[in-house]
Peer 1: 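Sharing a structure below in C-alpha cells format, with a few things to ask.
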Amino acid sequence: MTADSQETLRGQACAVRWNLRPFIDGAYCDSASDGVVATVDPATGEKLADMAAGSTGDVERAVASARRAFEDGRWSSIGAATRRAVLSALADGIVERAEELALLDCLEIGKPISQARFEATALAPAFARFCAETVDKLFGVVGNTEPGVLAFSRPEARGVVAAISPWNFPLVNAVIKVLPALAAGNSVILKPSEMSSASALKLAEIALAVGIPPGVFNVVTGLGSTVGAALAVHPDIDFLSFTGSTQTGLRLMTLRGSSTVRPLLLECGGKSPSVVFDDIEDVAAVAARVCADALWNQGQLCVARTRLIVHERIAPALLEAVRAQIGAFVPGDPLDPDTGFGVLAGRTHWQRVAEMVARGVSAGADLVAGGLPSDQGGCAMAPMVLEPRDADNPLWLEEVFGPVVAMRRFSTCDEAFRLANESGYGLAATIWTRNLDIAHQAARTVRAGEVIVRSVPDDREGAGFSLPQEAMGGSGFGVETGIEGIRSYMNWKKVEFHTATGF
Ligand code: NAD
C-alpha cells in the first residue's frame, strides 16, 4: 500500500464532520441534556468529537416517535414487496457510503481500515440483503381442521424494538440488530455503544434517504447506565435486543424483569475454543488459521477462538508453528491500508486487558508465545499465548476480549470436549480433525451456538448468515440470523375462523 492513500485517509479523517447527537423522527436533534462524552481515537489518543451523553428525555422522545410510526402503519403495514425493495436499497446505500462508514469505525475503535472496509462493503450489506430477501418469506402456517374452520398463524411485528449494541463491530452490529427488526415490520430505537456511535447514526441517515419513513429507525446516543437502562425499563418497549457483555446482559434481565413482562434477546460474551486433534496434516497452515481465528479485530470478537485445546502429541509442533505466526501480528496504524492488526479500542479497555493478563499470570500461567503487555501509554498490544497451570485460572475461564489466547493440552477425546465445555459460555467452537467419528461427537457434545469442524484450513465462506443459531450458557439466548432470526422479532398469533361453510 502506498503512503499516498494513508495520507489521503488522514486528510479525510481530519475532514470528518462529526454529528453525534440523537437521530429521532428522521432528523438529528439536540439531546435533552447538556452532558457530553468525548470520543477518542485510540490510535492517537486524540479527541475526535463530543458525543451527546443522552438522557431519559431523549429515550422518551424516541419511544414516542417509534410508537407513533408503528401505530400509524407507515412501515408496519406496507406490503412485503415494498418493504423488501426499501431494505435492498438500504443494503445498496451501505455499499455506496462504505468508505465513509469504514473510516468512522476505524477512527472510533482503532479497527484496521482494510477490515472496516470489508465489513462495510461485504459483511454489513450481505446481512442487510439477507434480511431484505426474507420479507416476503415470513409465512405463517395453516392448521389441519374440520370443514368450515380455517385455523392459521399470523406472524406479526412485535411493535417497538429497543436494540443495544457494543463497540467491537460498530456498523455490522448495528445492522445485525436493526435490519431483522425492520424486516419484520417493527419500529426501532438503537442505542450504540458510547465508544462507537458514528456509523450507527450514518446508518439511520442512509435508511431515511432510501425510504424508511421518519420515526421507524431512531438512534439515541449515550451511556449504558442512563440511556441503555432507560430503554430496558421502558414499559412501551415491546422487545429488547441486546448484544454486549454477559455482565450487562445479566443486568438487563434484572432491570427488564423488575419492570415489565416482555421478551428479550441476549447475545453476550464468549470464550470459544479451537480444539486441535493430532490427525491434522498441515500444522503450519492450521497454526495460521488458529491465530487468525483468535486475533481478528485484535481478539475483540465475541466468537474469537481464544482457548486453544491441543492434543499433547501435536502440542509442541503446533506451538512452534504458532510462535512463528504470531510475530506477524504487529499493532499498526489503523489508517494504513496495509495494517492487518490494529490497536485496542480504548485506553481503559487496554488497562482492563493488561490487568486480566497480570491476574492470570500471578495465578499461575506460563507465556508460551508472543509477549506480555508492555505499556507504552497507548492502546497497542501485541498478541500472546499463555498456558495456565490450573483449570480455575481466570485466563482460562473468563472472557478477556483482547489478543490473549489460553492454551491447554489433552490426551483423550472426552477430555478435549470436557475442556471445550469448561467455560460457562457457549457461542462458538472449531474442531480440527480428519476423523469423522470425532466430528460427529463434537457436533453433538460441544455446547455452542456454532460448531465448525475443519479438516482443512480453507477460506470457503460456508452458510454465512443464512442459518439460525442461538447462543448457549452465559453467552445468551434467542435466535439471531437465518429466517428464524427475523422471526425472533415477531409474535405468533393463532387465528381461527369458524363459519357455516368454507375452507
Ligand atoms: P458492554 O456490555 O459493556 O456494552 C454493550 C452495550 O450495552 C453498550 O451499548 C453499552 O452502553 C450498553 N450498556 C452498558 N451498561 C448498560 C446498562 N446498565 N444498561 C443498559 N445498557 C448498558 O459490552 P461492550 O464492551 O460494548 O462489548 C464487548 C462485549 O460484547 C463482549 O463481551 C463481547 O463478547 C460482546 N459481544 C457479543 C456478541 C455476540 O454476538 N454474542 C457480538 C459482539 C460483542
Side-chain angles (χ1 to χ4, degrees), residues 37 39 42 51-54 56 59 105 108-109 111 119 123 127 162-177 180 189-197 200 219-234 237 240-259 264-272 296-306 344-346 348-350 352-353 356 398-402 423-428 448-450 465 468-481 485 488:
V37 179
T39 301
M51 181 200 73
T56 51
V59 169
D105 281 1
E108 283 201 312
I109 66 145
K111 184 185 281 291
E119 288 157 29
L123 275 187
F127 187 67
I164 300 179
S165 62
W167 50 261
N168 61 335
F169 284 74
L171 173 66
V172 172
N173 276 322
V175 168
I176 288 180
K177 294 277 99 174
I189 301 150
L190 172 66
K191 193 214 88 65
S193 166
E194 50 273 41
M195 288 163 69
S196 61
S197 46
V219 181
V220 182
T221 59
L223 300 172
S225 53
T226 50
V227 174
L231 286 168
V233 296
H234 203 292
I237 299 284
L240 177 66
S241 180
F242 168 77
T243 302
S245 64
T246 299
Q247 199 183 16
T248 306
L250 272 170
R251 189 165 301 155
L252 288 178
M253 283 177 75
T254 309
L255 280 174
R256 194 95 182 118
S258 65
S259 62
L264 74 167
L265 179 153
L266 298 181
E267 282 282 335
C268 298
K271 187 81 180 173
S272 300
W296 189 24
N297 208 40
Q298 295 73 253
Q300 303 164 129
L301 170 70
C302 56
V303 293
R305 308 304 202 259
T306 52
L344 300 198
T348 309
H349 183 56
W350 191 99
R352 199 189 68 81
V353 172
M356 276 197 77
E398 294 172 25
E399 182 181 49
V400 180
F401 222 56
S423 85
Y425 296 101
L427 268 190
E450 163 186 287
F465 297 112
Q469 62 186 80
E470 182 164 18
M472 296 172 109
S475 292
F477 53 80
V479 179
E480 221 167 40
T481 69
S488 293

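Counting convention: from 1, in listed order, for ligands and their atoms alike. Just so it is clear, the values below take in all heavy atoms, side chains as well, and ignore hydrogens, waters and symmetry mates.
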Peer 1: Is there a donor-acceptor contact under 3.5 Å from the side chain of K191 to the main chain of G228?
Peer 2: no
Peer 1: At less than 4.0 angstrom from any non-hydrogen atom of P166, what atoms of ligand 1 do you find?
Peer 2: 24 (P), 26 (O), 27 (O), 30 (O), 43 (C), 44 (C)
Peer 1: Under the 3.5 angstrom rule, does the side chain of S258 hit a backbone N or O of T254 as a donor-acceptor pair?
Peer 2: yes
Peer 1: Which atoms of ligand 1 have any heavy atom of P192 under 4.0 Å away?
Peer 2: 9 (O)
Peer 1: For ligand 1, is S193 a contact, meaning one of its heavy atoms is under 4.0 Å away?
Peer 2: yes
Peer 1: Is a donor on one side and an acceptor on the other found under 3.5 Å between the side chain of T246 and the backbone of G269?
Peer 2: yes
Peer 1: Give the residue and atom name of whichever protein heavy atom lies nearest to atom 36 (N) of ligand 1, and the separation in Å to one decimal.
Peer 2: C302 CB, 3.7 Å
Peer 1: Below a 4.0 angstrom heavy-atom separation, can you tell me which part of A471, side chain or backbone, both or neither, approaches ligand 1?
Peer 2: neither
Peer 1: Decide whether an N or O pair under 3.5 Å exists between S225 and ligand 1.
Peer 2: no
Peer 1: Got a donor-acceptor contact below 3.5 angstrom from the T243 side chain to the S165 backbone?
Peer 2: no
Peer 1: Would you mind telling me if ligand 1 is within reach of the side chain of L252, the backbone, both or neither, using heavy atoms under 4.0 Å?
Peer 2: side chain
Peer 1: Measure from NZ or CZ of K111 to the centre of the six-membered ring of F169, then state whether that distance is under 6.0 Å and the direction lies within 45° of the axis.
Peer 2: yes
Peer 1: Does a salt bridge link R305 with E450, judged by any charged N lying under 4.0 Å from a carboxylate O?
Peer 2: yes
Peer 1: Would you say E267's side chain and A471's backbone share a donor-acceptor pair under 3.5 angstrom?
Peer 2: no
Peer 1: Does only the side chain of L427 get under 4.0 Å from ligand 1, or the backbone, or both, or neither? Count heavy atoms.
Peer 2: side chain
Peer 1: What protein heavy atom is closest to atom 12 (C) of ligand 1, reported as residue, atom name and distance in Å?
Peer 2: I164 CG2, 3.6 Å
Peer 1: Which pair of heavy atoms, one from V479 and one from L265, lies closest together, and at what distance?
Peer 2: O-CD1, 3.5 Å
Peer 1: Is it true that S475 lies under 4.0 Å from ligand 1, counting heavy atoms only?
Peer 2: no
Peer 1: Quick test: of every protein heavy atom, which one is nearest to atom 19 (N) of ligand 1, and how far off is it to 0.1 Å?
Peer 2: G224 O, 3.3 Å
Peer 1: Against heavy atoms of G228, which atoms of ligand 1 measure under 4.0 Å?
Peer 2: 19 (N), 20 (C), 21 (N)
Peer 1: In terms of residue, atom name and distance, what is the protein heavy atom nearest to atom 18 (N) of ligand 1?
Peer 2: R251 CD, 3.4 Å
Peer 1: Measure the distance from atom 8 (C) of ligand 1 to every protein heavy atom, then report the residue, atom name and distance (to 0.1 Å) of the closest one.
Peer 2: S165 O, 3.3 Å
Peer 1: Is there any N or O on T243 that sits under 3.5 Å from an N or O of ligand 1?
Peer 2: no
Peer 1: For N173, is at least one N or O under 3.5 Å away from an N or O on ligand 1?
Peer 2: no
Peer 1: Is there at least one pair of N or O atoms, one from E480 and one from ligand 1, spaced under 3.5 Å apart?
Peer 2: no
Peer 1: For N168 and N297, test the side chains for any donor-to-acceptor distance below 3.5 angstrom and give the result as yes or no.
Peer 2: no
Peer 1: Closer than 4.0 angstrom, basic N to acidic O: yes or no for K177 and E480?
Peer 2: yes
Peer 1: When you look for heavy atoms under 4.0 Å from ligand 1, do you find them on the side chain of N168, its backbone, both, or neither?
Peer 2: side chain
Peer 1: What's the shortest distance from atom 11 (O) of ligand 1 to any protein heavy atom, and which residue and atom give it?
Peer 2: E194 OE1, 2.6 Å
Peer 1: Check if G222 has a non-hydrogen atom at a distance under 4.0 Å from any atom of ligand 1.
Peer 2: no
Peer 1: Measure across C268 and G249 and return the closest heavy-atom pair with its distance rounded to 0.1 Å.
Peer 2: SG-CA, 4.1 Å
Peer 1: Counting heavy atoms not belonging to M253, are there more than 12 under 6.0 Å from its CE?
Peer 2: no
Peer 1: So, the side chain of H349 versus the backbone of F401: is there a donor-acceptor pair under 3.5 Å, distance only?
Peer 2: yes
Peer 1: Give the residue, atom name and distance (to 0.1 Å) of the protein heavy atom nearest atom 14 (C) of ligand 1.
Peer 2: T248 CG2, 3.6 Å
Peer 1: Report yes or no: does F169 have a heavy atom closer than 4.0 Å to ligand 1?
Peer 2: no
Peer 1: To the nearest 0.1 Å, how far is atom 32 (O) of ligand 1 from its closest protein heavy atom, and which atom is that?
Peer 2: E399 OE1, 2.5 Å
Peer 1: Considering the heavy atoms of F242, write down every atom of ligand 1 situated less than 4.0 Å from one of them.
Peer 2: 2 (O), 5 (C), 6 (C), 7 (O)
Peer 1: If I take atom OG1 from residue T306 and atom CD from residue E399, how far apart are they, to the nearest 0.5 angstrom?
Peer 2: 7.5 Å
